[in-house]
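Have a look at the structure below, then the notes.
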Amino acid sequence: MELWIPATIAAAFFQAIRFALQKRLTQAGLSATGATWARFLWAAPALVIALLLTLAMTGTAWPDLSLRFWGMAALGAAGQIFATVAVVALFGLRAFAVGLTFKKSEVLQTAFLGWLVLGDAVSGAGFAALMLGLVALLVLSAPPADTPRSDAVRAVVLGLASGAFFAVAGVGFRAATQEIAGPPLLQAGMALAVATTLQTLLMGGWFALRDRAEAARVFAAWRPGLIVAGTSLAGSMGWFLAFTGQSAAYVFALGQIELVFALLIGLFVFGERPARRELAGMALLVSSLILLVAVI
């Protein structure tokens, strides 16, 4: 089995847990932006220390980082910030599992962006699997009957926006890893450490200028923040390892297994019972996942 497959499944598992923890943070009083910063703030120092120790213990020289690497890492970092804020905000409008399903619009958007920027090709059968996923999103786009129209429109916009920004992040991070010479673990670790540090500094600067009260609340919630950071580290390392060996579109497509984890978390943690239509939409997405794995 190729490394990117188990790496993607592990990443999807930890990401579903991390989003659930971030939803808890917003329920505890943090804004979507604050809950997003929490995942980067506590993860960045651990990543940098782990990277430096690994380089020192293995006697590996610090790799040359090109201007393209910094540009792609910064692009991915910014995209992931906006994507995470959008999807955490979406949890306030739709059930946890359905919110993550809307996020999966990233698959089709990543396929197009990956082809445009990196030349990553998608086969005809692979494209058919991605289109089946699009049908599932259309099924899911209809909100419950009692949902206010403004909330329904906002949920769709947030879901598609999160998918678009995650597509930017995925393509940017894959491009960044390709700029580093060395084994996959070094490629993933270096790109992840740089991206997470950039995210921490960018959001920290924004909070210092615009919302110091929220920044104080993030620091006060350091205990759950550390747990969020731990799951974020595990998930992000999985994604970055997968990006070193496969196109971002296929990685995100296989990552739809996250929906199975999300459904279980939504049911057993948040007590959410999806409607039949929502279950049908998720079933279609899982079918597209099975088809995709079969044709790659």
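In what follows, residues are counted from 1 in the order of the sequence shown. What's counted below: heavy atoms across the whole structure, side chains too, no hydrogens, waters or symmetry copies.
Between the side chain of Ser236 and the main chain of Leu233, no donor-acceptor pair closer than 3.5 Å is present. Of the possible polar contacts, none joining the Gln246 side chain to the Val251 backbone as a donor-acceptor pair under 3.5 Å is found. A donor-acceptor pair is defined here as one N or O able to donate and one able to accept, closer than 3.5 Å; no such pair exists between the side chain of Arg18 and the backbone of Val228.
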- List the steps, then state whether side chain to side chain contact (heavy atoms under 4.5 Å, CB included) holds for Trp42 with Phe219. CA-CA 10 Å; Trp42 308 113; Phe219 280 107; 3.8 Å; yes

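In this structure, Leu75 and Val168 have side chains that are in contact, with non-hydrogen atoms separated by less than 4.5 Å. Within the 4.5 Å cutoff, side-chain heavy atoms of Ile227 are placed close to those of Leu21. Counting only heavy atoms from C-beta outward, the side chains of Arg39 and Gln80 approach each other to under 4.5 Å. In this structure, the side chains of Phe40 and Thr36 come closer than 4.5 Å at one or more pairs of heavy atoms. When side chains are defined from C-beta on, Trp37 counts as touching Phe207, because their heavy atoms get closer than 4.5 Å.
Residues Ile180 and Ala191 come closest through the heavy atom pair CD1-N, 3.9 Å. The heavy-atom pair separating Ser162 from Ala86 by the smallest distance is CB-CB, 3.8 Å. Taking both residues in full, the closest heavy atoms of Gly76 and Ala169 are given as O-CB, 3.4 Å, listed atom of the first, atom of the second, then distance. Taking all atoms of both residues into account, the shortest heavy-atom contact from Gly255 to Ala12 is O-CB, 3.7 Å. Among all heavy-atom pairs drawn from Ala7 and Ala242, the shortest one is CB-N, 4.1 Å. Nearest heavy-atom pair across Ala188 and Leu241 is CB-N, 3.7 Å.
Hydrophobic clustering, with ILVMFWY side chains joined whenever heavy atoms are under 4.5 angstrom apart, groups Leu55 together with Phe69. Linking Ile, Leu, Val, Met, Phe, Trp and Tyr residues whenever their side-chain heavy atoms come within less than 4.5 Å leaves Ile49 and Leu192 in two separate clusters. A single hydrophobic cluster is seen to contain both Met237 and Leu254, as judged by linkage of ILVMFWY side chains at heavy-atom distances under 4.5 Å, directly or through other members. Residues Leu226 and Leu41 are members of one and the same hydrophobic cluster, defined by side-chain heavy-atom contacts under 4.5 angstrom among Ile, Leu, Val, Met, Phe, Trp and Tyr. Residues Ile265 and Phe14 are members of one and the same hydrophobic cluster, defined by side-chain heavy-atom contacts under 4.5 angstrom among Ile, Leu, Val, Met, Phe, Trp and Tyr.
For Leu185, the CG atom is loosely surrounded, since the number of other residues' heavy atoms within 6.0 Å does not exceed 12. For Phe13, the CZ atom is loosely surrounded, since the number of other residues' heavy atoms within 6.0 Å does not exceed 12. Within 6.0 Å of atom CG in Leu67, 12 or fewer heavy atoms from other residues, nucleotides or ligands are found, so the atom counts as exposed in its surroundings.
The structure places CG of Leu51 at 7.5 Å from CG of Leu186, a figure rounded to the nearest 0.5 Å. In this structure, the separation between CD on Gln15 and OG1 on Thr8 is 11.0 Å, given to the nearest 0.5 Å. Here the straight-line distance linking atom CG of Asp211 with atom CZ of Arg217 works out to 6.0 Å at 0.5 Å rounding. Taken to the nearest 0.5 Å, the CG atom of Leu47 stands 8.0 Å off from the OG atom of Ser232.
By the ring-ring contact (aromatic ring centres under 6.0 Å, His included) test, Phe82 pairs with Phe165, sequence neighbours left out. Residues passing the side-chain hydrogen bond (donor to acceptor under 3.5 Å, both in side chains) test with Ser31 are Glu214, sequence neighbours excluded.
In summary, the aromatic rings of Tyr250 and Trp4 are positioned with their centroids too far apart to meet the 6.0 Å limit.
Ring planes of Phe173 and Phe240: tilted class, angle from 30 to 60°.
Residue pairs meeting the side chain to side chain donor-acceptor pair (under 3.5 Å) criterion with at least one partner in residues 175-193, sequence neighbours excluded, are Ser66-Glu179, Arg68-Glu179.
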